Amino acid sequence: GDSVTQMEGPVTLSEEAFLTINCTYTATGYPSLFWYVQYPGEGLQLLLKATKADDKGSNKGFEATYRKETTSFHLEKGSVQVSDSAVYFCALRFSGNTPLVFGKGTRLSVIA
Amino acid sequence: ETGVTQTPRHLVMGMTNKKSLKCEQHLGHNAMYWYKQSAKKPLELMFVYNFKEQTENNSVPSRFSPECPNSSHLFLHLHTLQPEDSALYLCASSQDTGEGYTFGSGTRLTVV
């Protein structure tokens, strides 16, 4: 079946460091891809998305590019802040009445 | 304001109690979902409703009973829960267009 694999956390970085969280997927076809973020005590919020190959999603300094050839959607940010500390979830979804398929989440801690 | 409202935010209940969680969305979405998020476990999809009809029940114990009276409201009725049911319960909604979900902030449930 369709699945999403994320790098294991936790990831601990110093402020202003470069962030990469790896995400790869297995799917038959070409799904839409998403990154969600969950801040402490909150639900999940959509961070960015891409709907087709080579699309780049971006928001709040985060970016991810839909790579069909490597079935990847890695999340990057050039300079993280303490306020970016959260759990990040990679997900895929096909159109129609199909559910989102989530990865297990990666916890990021940014220290000052 | 996420567009999906969950109440209550926190709930403590005994194992013999009956309580209900409520979720409301006014985004015009036609699908609603219940997820369970436990510490150190992946997100678990519990129930899916499309146009008020339940389309998925992922082997959830009968002590959890969903209700969807209309496309804007979703309930999760709880009865004789166990301590291991303590978790964050998340509601989400979506359109069937392959877009992502909009999540509520969740209900933090503690069973004592």
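These numbers come from a predicted model, not from an experiment. Letters go in sequence order (proteins before strands), and every chain restarts at 1.
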Please say yes or no: joined through hydrophobic side-chain contacts below 4.5 Å, possibly via intermediate residues, are [X] and [Y] part of one cluster?
X: A/Val110; Y: A/Leu47; answer: yes
X: A/Tyr66; Y: A/Val101; answer: yes
X: A/Leu108; Y: A/Leu48; answer: yes
X: B/Met13; Y: B/Met15; answer: yes
X: B/Met46; Y: B/Leu43; answer: no

Minimum-distance pair of heavy atoms, taken over all atoms of [X] and [Y]:
X: A/Glu42; Y: B/Leu88; result: O-CD2, 4.1 Å
X: B/Gly100; Y: A/Arg93; result: O-NH1, 4.4 Å
X: B/Leu45; Y: A/Pro99; result: CD2-CB, 4.0 Å

Donor-acceptor pair, B/Tyr33 side chain versus A/Leu100 backbone, under 3.5 Å?
->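 Absent.
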Got a sec: does the [atom1] of [X] have more than 12 other heavy atoms crowding it under 6.0 Å?
X: A/Glu15; atom1: CD; result: yes
X: A/Glu8; atom1: CD; result: no
X: A/Tyr39; atom1: OH; result: yes
X: A/Arg107; atom1: CZ; result: no

A/Phe34 and B/Tyr101: aromatic ring centres closer than 6.0 Å?
->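 No, the ring of A/Phe34 stays outside the 6.0 Å limit from the ring of B/Tyr101, centre to centre.
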Aromatic ring proximity B/Phe103/A/Tyr36, centre distance under 6.0 Å =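 Ring centres of A/Tyr36 and B/Phe103 closer than 6.0 Å.
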Let me know if B/Gln37 has heavy atoms under 4.5 Å from chain A in its side chain, its backbone, both or neither.
->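 Contact with chain A: side chain only.
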Which atoms of B/Arg9 approach chain A - backbone, side chain, both or neither, heavy atom under 4.5 Å |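 Looking at B/Arg9, just its side chain touches chain A.
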Any side-chain heavy atom of B/Thr102 sitting closer than 4.5 Å to one from A/Leu46?
->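 Answer no - side chains too far apart.
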A/Tyr88: partners by ring-ring contact (aromatic ring centres under 6.0 Å, His included), with sequence neighbours left out |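 A/Tyr88: ring-ring contact (aromatic ring centres under 6.0 Å, His included) contacts with A/Phe62.
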Where along residues 67-82 of chain B does a heavy atom come under 4.5 Å of chain A, listed by residue number?
->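 Not one residue of residues 67-82 of chain B has a heavy atom under 4.5 Å from chain A.
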